[in-house]
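First the proteins, then the strands, lettered A, B, ... as listed; each starts at 1.
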Amino acid sequence: MTEPIDIGATDKWEIQLRKGSLGLAVLASLWDRKLYGLEILRALEQGSDLMVGEGTIYPLLSRLKAEGLVQSEWVEAEAGHPRKYYQLTDQGRERARRMADVWSRLSLGLNRILGPLTAGGDQ
Amino acid sequence: MSDADEVLRAIDQALATVKRGLNGLSAAETNDIIEELRSHIVDRAREAGELTPQTVSQAIDGLGDLRDLAGAYAAERIAGPVERRRSPLWMLGAAARLATLSVGGFVLFLVSFTGYGTGISFVLTALLKPFFPDRTGLWVSGSGSTFSMHLGFDTRPVVGHELLGWWVIPICLAVGAAILWLTWRLDLAALRSVRKRAAVRTAI
């Protein structure tokens with residue numbers, strides 16, 4: 001008799017995976033432009049499968065700024081209220097490159113192993 | 001109350017909830033966070049059309065639990081640098097800031113303060129012994145109900161029998177260093193835990 005599938009454990013794993021990749025995703029979204037918080041959220045939603053809780057992004061940006069990976073400035077927006085824009089620092093660019101390199105190597109290796117799982121379905 | 005007044009009131013109430021959870025942060029840090037969230041709420045509400053009580057309410061709900069959000073900010077700003085700044089003095093300062101946020105933070109600060117103070121006292125005793133040999137050490141005096149023990153430095157002549165002699169130097173140095181190290185490790189573990197729990201509460 002097979003064990004029932006533990007959906008909870010898979011969900012928890014997925015949450016950890018998304019959390020772990022969020023920092024890289026935020027740095028990547030700022031690669032060639034300045035964005036404010038809501039723009040970063042929309043960039044992540046449109047450019048990736050990462051649905052980020054809106055309450056998550058700001059403490060994360062605070063952490064990235066404290067680590068010297070991003071810098072911020074307040075800009076008087078056309079909308080009539082100031083917005084806080086973020087951009088990568090040189091250190092942030094270097095970190096993003098290294099993280100992207102690690103991600104690429106890891107995903108290439110994993111994709112090779114996962115080939116039978118994703119190709120043939122249940123066997 | 002007009003819609004505009006209701007919108008302003010809703011935003012101010014939400015931000016006041018966040019502000020209450022940012023007790024350990026400076027006024028400048030708090031203001032920076034509050035204004036960024038205000039900007040987010042307004043932009044998010046306008047994405048849905050215009051600033052109405054309904055769109056503002058949805059924008060505020062989108063931020064999730066505001067107390068958890070404040071906790072995540074506070075944890076990040078106070079405990080965040082723990083991987084880069086590990087001096088005992090910095091850790092004690094971080095514990096002092098956490099003490100204003102929660103009972104656990106207060107307990108951590110008390111334990112840290114006591115630990116560092118005790119450790120420093122032992123080390124000071126060891127360092128003072130060569131200069132004040134007759135006033136520094138471990139003494140016992142009396143017997144039965146009047147028994148007393150005194151460890152440390154005294155400005156008055158000490159009455160009683162000295163137990164350790166010059167051994168007080170290596171013993172106090174070792175004990176003091178051990179207490180300081182254990183307190184530092186406790187602070188490191190506690191600050192990492194604070195940061196991790198705050199991150200989990202605002203998880204994707």
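- R77(B) touches chain A through its side chain: at least one heavy atom from C-beta onward sits under 4.5 Å away, while N, CA, C and O do not.
- L38(A) contributes atom CG, which lies 11.5 Å from atom CD1 of I41(B) (distance to the nearest 0.5 angstrom).
- If you take NZ on K84(A) and CD1 on I33(B), they are separated by 7.5 Å, rounding to the nearest 0.5 Å.
- Under the 4.5 Å side-chain criterion, counting only non-hydrogen atoms from C-beta, H81(A) is not in contact with R38(B).
- For the pair W74(A)/E36(B), a side-chain contact is recorded, criterion being any heavy-atom separation below 4.5 Å from C-beta on.
- A distance-only check finds no donor-acceptor pair linking the side chain of S39(B) to the backbone of R83(A) [under 3.5 Å].
- In this structure, G55(A) and L69(B) approach most closely via the heavy-atom pair O-CD1, 3.1 Å.
- Proximity to chain A is absent for every atom of L66(B), based on heavy atoms less than 4.5 angstrom apart.
- E39(A) places none of its side-chain heavy atoms less than 4.5 Å from the side chain of D43(B).
- Within a 6.0 Å radius of CG in L108(A), more than 12 heavy atoms belonging to other residues, nucleotides or ligands are found.
- Options K65(A), R42(A), E67(A) differ in how many heavy-atom pairs under 4.5 Å they form with chain B, and the most are formed by R42(A).
- The parts of E35(B) that come within reach of chain A are both its backbone and its side chain, each placing non-hydrogen atoms under 4.5 angstrom from that chain.
- Here the straight-line distance linking atom CG of L41(A) with atom CZ of R44(B) works out to 9.0 Å at 0.5 Å rounding.
- Counting heavy atoms from C-beta on, the side chains of Y58(A) and L37(B) come closer than 4.5 Å.
- If you measure heavy-atom distances from I57(A) to chain B, you find no contacts under 4.5 Å at all.
- Residue D101(A) qualifies as enclosed at atom CG: its count of foreign heavy atoms under 6.0 Å is above 12.
- With a 6.0 Å radius and a threshold of 12 heavy atoms from other residues, nucleotides or ligands, W103(A) has its CH2 atom at or below the threshold.
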